[in-house]
Protein chains: 2
Amino acid sequence: MLKDSLMEADAAAAPSSSLRRWEAIAAALRDDITAGRFQPGQCLPNETALAARFGVNRHTLRQAVRSLADSGFVRVVQGRGTFVRELVLDYALQRRTRLTQNLADCGEQASRELRSAQQQPAGGWAAALRLTARQKVEVLQTRATVRGRVIGLSTCAFPLPRFAGMAAAFAETGSVTESLRRFGVSDYTRARSIVSCRMPSAVEADALARPATAPVLVVDYLNVDAEGRPVEAGMTLFASDAVQLSVVPDDFAGE
Amino acid sequence: MLKDSLMEADAAAAPSSSLRRWEAIAAALRDDITAGRFQPGQCLPNETALAARFGVNRHTLRQAVRSLADSGFVRVVQGRGTFVRELVLDYALQRRTRLTQNLADCGEQASRELRSAQQQPAGGWAAALRLTARQKVEVLQTRATVRGRVIGLSTCAFPLPRFAGMAAAFAETGSVTESLRRFGVSDYTRARSIVSCRMPSAVEADALARPATAPVLVVDYLNVDAEGRPVEAGMTLFASDAVQLSVVPDDFAGE
């Protein structure tokens, strides 16, 4: 206790030089949430218990909880307690559908990692990409994460030879938009999205870090360049507890 | 056999006065499918067995199967057999989203029945409909069926007093579009759709005639009239084995 009190005094004396005490507590609780030690919907321990755990007074603890509420990690219900919020992202299916930008519009920072890549015959992607089944595509498997939670898995096919080296570009930029720009595609639009839902396979559930009993939203899509040529065909699986899709016509979008 | 052969001869002699033999067989098989006696994905008994069941030659049987294939009930895979097709409807989320018209565009005839109706405070519908929570709405519960299979359940709220009598109008017309027209709404557009997926409740699964282990697509939507005033807020649950949603920007829709 003495040590914690000293730390609080330290933090108050030097607020800008290091993390303030309530910020450190908020970070610790945020880690508990993103690591799943506190699950969505779960009620946090009460103020007295949390204050004791961190060795701070209730004022400092409340400041930490308030910052978590402001950033959407928890929801304070008067008289009932503080609950871990479900992460529900509003993903817009629109003319320019950009994963990273879409999540930024929700106030979230997404990171997107390359899980695997390979060159293969277009096969099932051929019709959408206007290739023959034997022409080749570069296929990327990517995974998107928000606040430490996986929210989606994508399998994206890019026509070859036009986009040879796409995997390397994505590995470097973490962004399809940035990578396409390197190939001279300054703009692209979503020609169509087909939305369905199903149960995930065991492998998919594992990659999403979700139980196999939780359904997934499936978006099959096609992106085309300014001349209407297909640049990317793909399928994204979204974790249904984290993502919902919004479809708003252009002339309502400004409202 | 003799009787069936006579019936065949009769049918051939009078093709326009009654159902031809192959048409009657197609109808019988269609009933088997829509009643679930043959399940989606299941292989029909082979030609010899079916021809024996209906007491016809294989030529007549093939004519029946071909008509079922043309209407999308079955799929003939050369060398493997005839399979009952999954009923997957492409439901367009677009500027003018009309259930009956959408399904007609898929070549399907939908029937929509009124299951219940009541007048109640707007509550959770208030914000979307720009009402106070205490202003009233008329809420309709409807169920849509295609080829004898339930494909969706809708709960639709219409602001009162503007749409007083909506339930009666729907009961008579089986169509929201037709009913709104009676209230002077000659056109309306979809302001937004929010798509998510989840497992159904036991009651919902029962109403959809699906197992509770099959996920549902959920579309929350708002329709507005030509002046932008909300006319209907609603939620539709679609059976995920029967419906997928397509989102195509207006300028690609003609392709």
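Convention: sequence-line order gives letters A, B, ...; per-chain numbering from 1. Here the structure is a predicted model, which is why all the values come from computation and not from measurement.
Considering CG of Asp90(B) and OG of Ser196(A), their distance stands at 10.0 Å, rounded to 0.5 Å. For the atom pair OG of Ser246(A) and CG of Leu93(B), the computed distance is 11.0 Å after rounding to the nearest 0.5 Å. To the nearest 0.5 Å, atom OG of residue Ser240(A) and atom CG of residue Leu217(B) are 10.5 Å apart.
Within 6.0 Å of atom CD in Gln109(B), 12 or fewer heavy atoms from other residues, nucleotides or ligands are found, so the atom counts as exposed in its surroundings. Counting non-hydrogen atoms of other residues, nucleotides and ligands closer than 6.0 Å to CZ of Arg75(A) gives a total of 12 or fewer.
Residues Met199(A) and Thr213(B) come closest through the heavy atom pair SD-O, 4.2 Å.
Using a 4.5 Å cut-off between heavy atoms, Val216(A) contacts chain B through its backbone alone, with no side-chain atom that close.
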